[in-house]
Amino acid sequence: MKNRLFSLIFSLMLPLLAVAQERVDFNVVPHPRQVVSQKGDPLKLSALTAITYEGGDDMRRNADFLAGYVRTAMGKSLPVADAKAKGTLLALKLDKKMTGEEAYRIVVSSKGVVISGATPEGVFRGVQTFRKAMPVGAKGDVVAPAVVVEDSPRFSYRGMHLDVSRHFFDVDFVKKYIDMLALHHINVFHFHISDDQGWRVEIKKYPRLTEVGAWRQRTVVGRNTGLYEHKTYGGFYTQEQVRDIVEYARERYVTVIPEIDMPGHMEAALASYPELGCTGGPYEVEPNWGVFDDILCAGRERTFEFVEGVLEEIIQLFPSEYIHIGGDEVPRTRWKVCNDCQQRIRQEGLRDGDGKTAEDRLQGYFMKRVEKYLNSKGRKVIGWDELLDCDVNSSTTIMSWRGVEGGQVASQKGHDVIMVPTAWFYFDYYQTSEDDWSKPLLIGGHVPLEKVYSFEPVPETMTPEQKSHVIGLQANLWTEYIYAEELAQYQVLPRMGALSEVQWVLPEKKDYGQYKERQARLNRLYDTMGWKYCKKEF
């Protein structure tokens, strides 16, 4: 009798549950700054007759994106028309009275939906929010309550990194990765395209970089075990492919910032052009993981000719304001015994003192010279926080990866800062801590979802002036052990959702419990997209 009664009650509740599942819900990731309910009847999305837009090609593209998202969520194909169309509309508009490049407003009423922004980029952010607010795989009528959503980001720089040097990922996956960023309101793709284990971009002036440097002849098995897979591994992007990636990202309002790491992490380049090193070789494209003594020779002019030749082509391929030139993990071993480097030290009057060696200051000379070249081309420089140890110019933006302290010191010295501390934002670290045979082999470390969410990028100990130098934050995916596309997806999702909340949402608005509920809804969209993600917390 009890079972029959339970079945009857459950069957009566099913229609109510179905209705609840078919509602537009703006509890999305990242959460909008303000969602205010309005008086009036809700909107039935089945009543929508068209998606309209005002403006040029960028707005038309936003409308086309939205049409695709509606079709995925509802199975409903809406035509895209200009602003003169009549009916119940999903309208995209520009509003010059709004402030903020990425600010947007969504107004829902029984008459339709209006997504507006001061710029097409702001409208695109609103389109992504509306996309995430729609129920996934809706079967019946979808109802949108009358609301006004007002939103804008906390930080202007919201980044996500991908290392394609240790393991190579093809153009299709890079585009999929960019789609992930766009979904999460992430606006910078840090593209790590050179390292000891592989050079990944075609440079026409130096063809051996991809003829030789893009291919390693063996790869270590496990964590530097001394055992190797003796198989040629590698790949690179042609300049045409790079332009395609950059344009794909631009259409989704993601800026691609390339990283050519120097003067260390250059063994692939040295294997291609041995005359660039202090010893002249022989060198090989590095089969192991780690930090290595062979770096670019800072004493020879041909080194700077090479660097400028490479960067000349890089800036033609990547129109970003910033170029990342690395500067991390640079052993000075070779420089200490290199006649050319020691001669450069004497010429430039570089000396030991104040806790720095002459070789430390030689790296400062190297980085400042490269920065001067890039500045002459209208570009700015980003480098890792080791640059604080070698007297670089305050105009260099510092990416603080060894902790928060580097960012604090950098801000005191007048540098702009991007926070990327390993303990919170290295997504090559484990998400789970269990000693489980099924876990993939990774580099180590433990960065669970809640820890990502807990990070505050602007320490209270900073002065107002220092705080103004923190322009944003990002997470990194290094790929020594990330050999497959599905594993790369698994490592960044759902942590990319927690990252996006830290990047976008004001700290007083954050709530981990509420975030997890919203992330669970976003996970269903991941399922629809066929993206792999870690389900431990759900």
Side-chain angles (χ1 to χ4, degrees), residues 26-36 38 53-63 65-66 69 83 90-108 113-133 147-160 178 181-190 249-257 319-322 380 397 416-419 456-458 464-465 467-474 496-497 499-510 515 518:
F26 287 99
N27 284 305
V28 299
V29 176
H31 197 265
R33 190 161 293 202
Q34 187 173 327
V35 181
V36 179
Q38 303 293 300
Y53 69 97
E54 58 182 29
D57 291 343
D58 288 344
M59 289 294 284
R60 169 70 196 223
R61 188 170 54 249
N62 284 343
F65 281 140
L66 182 55
Y69 302 147
L90 215 175
L92 306 185
K93 296 184 177 182
L94 294 173
D95 183 352
K96 298 303 181 183
K97 294 180 181 179
M98 294 180 66
T99 58
E101 290 287 312
E102 297 181 89
Y104 67 88
R105 179 184 299 116
I106 303 175
V107 179
V108 181
V113 181
V114 178
I115 302 175
S116 55
T119 66
E121 182 176 4
V123 173
F124 180 80
R125 304 292 174 218
V127 165
Q128 292 298 326
T129 292
F130 190 79
R131 170 194 186 185
K132 288 176 282 193
V147 297
V148 175
V149 178
E150 301 270 3
D151 201 12
S152 58
R154 181 184 181 190
F155 292 103
S156 60
Y157 184 108
R158 305 182 306 280
M160 188 70 214
I178 291 167
L181 272 55
L183 178 70
H184 293 84
H185 291 354
I186 294 172
N187 65 350
V188 175
F189 173 38
H190 177 173
R250 186 196 69 81
E251 290 178 348
R252 290 151 181 80
Y253 302 93
V254 175
T255 298
V256 184
I257 295 179
S320 55
E321 177 185 15
Y322 291 102
K380 298 179 181 178
T397 296
D416 282 345
V417 173
I418 300 162
M419 291 292 193
E456 171 47 48
V458 185
E465 173 65 20
K467 291 178 180 179
S468 71
H469 282 293
V470 181
I471 63 173
L473 62 149
Q474 75 173 34
M496 194 183 288
L499 168 70
S500 74
E501 290 251 327
V502 182
Q503 292 172 331
W504 189 275
V505 178
L506 295 174
E508 63 269 21
K509 298 281 189 178
K510 288 171 60 186
Y515 154 71
R518 290 182 278 109

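The structure presented is a predicted model; accordingly, all values stated were derived computationally and were not measured.
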Exercise for the section: Decide, yes or no, whether a salt bridge links Arg60 with Asp57 under the criterion of side-chain N to carboxylate O below 4.0 Å. Expected result: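 No, Arg60 and Asp57 are not salt-bridged.
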Practice task
Answer yes or no: is there an ion pair linking Arg33 with Glu102, defined by an N-O contact shorter than 4.0 Å?
Solution key: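 No, Arg33 and Glu102 are not salt-bridged.
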Problem - Check against side chain to side chain contact (heavy atoms under 4.5 Å, CB included), Leu499 and His184 - result: CA-CA 9 Å; Leu499 168 70; His184 293 84; over 6 Å; no
Exercise for the section: Could you please spell out the steps behind the side chain to side chain contact (heavy atoms under 4.5 Å, CB included) verdict for Phe65 and Leu92? Expected result: CA-CA 12 Å; Phe65 281 140; Leu92 306 185; over 6 Å; no
Problem - Verdict with reasoning, Gln128 to Arg125, per side-chain hydrogen bond (donor to acceptor under 3.5 Å, both in side chains) - result: CA-CA 5 Å; Gln128 292 298 326; Arg125 304 292 174 218; over 6 Å; no
Practice task
Report yes or no: does Gln503 contribute a side-chain atom to a donor-acceptor pair with the main-chain N or O of Gly159 at less than 3.5 Å?
Solution key: yes
Practice task
Would you check if the side chain of Asn187 reaches a backbone N or O of Ser156 as a donor-acceptor pair within less than 3.5 Å?
Solution key: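 Judged by distance alone, yes, a pair lies under 3.5 Å.
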Flag the pair [X] / [Y] as yes when at least one side-chain heavy-atom distance between them is below 4.5 Å, and no otherwise.
X: Val458; Y: Arg154; result: yes
X: Tyr253; Y: Asn62; result: yes
X: Pro30; Y: Arg158; result: no
X: Phe124; Y: Asp58; result: no
X: His31; Y: Lys509; result: no
X: Val123; Y: Met59; result: yes
X: Val35; Y: Ile106; result: no

Practice task
Could you label the plane-to-plane angle of the Phe26 and Phe130 rings as parallel, tilted or perpendicular, counting under 30° as parallel and over 60° as perpendicular?
Solution key: tilted
Exercise for the section: Return the orientation label for the His185 and Trp504 ring planes: parallel under 30°, perpendicular over 60°, tilted otherwise. Expected result: tilted
Practice task
Using side-chain contact (heavy atoms from CB on, under 4.5 Å) as the criterion, point out the one residue from Lys93, Gln34, Glu150 that pairs with Arg105.
Solution key: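 So, applying the side-chain contact (heavy atoms from CB on, under 4.5 Å) to Arg105 and each of Lys93, Gln34, Glu150, only Glu150 qualifies.
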Completion exercise
Sequence neighbours excluded, the answer for salt bridge (charged side-chain N to carboxylate O under 4.0 Å, His left out) partners of Lys467 is Glu460
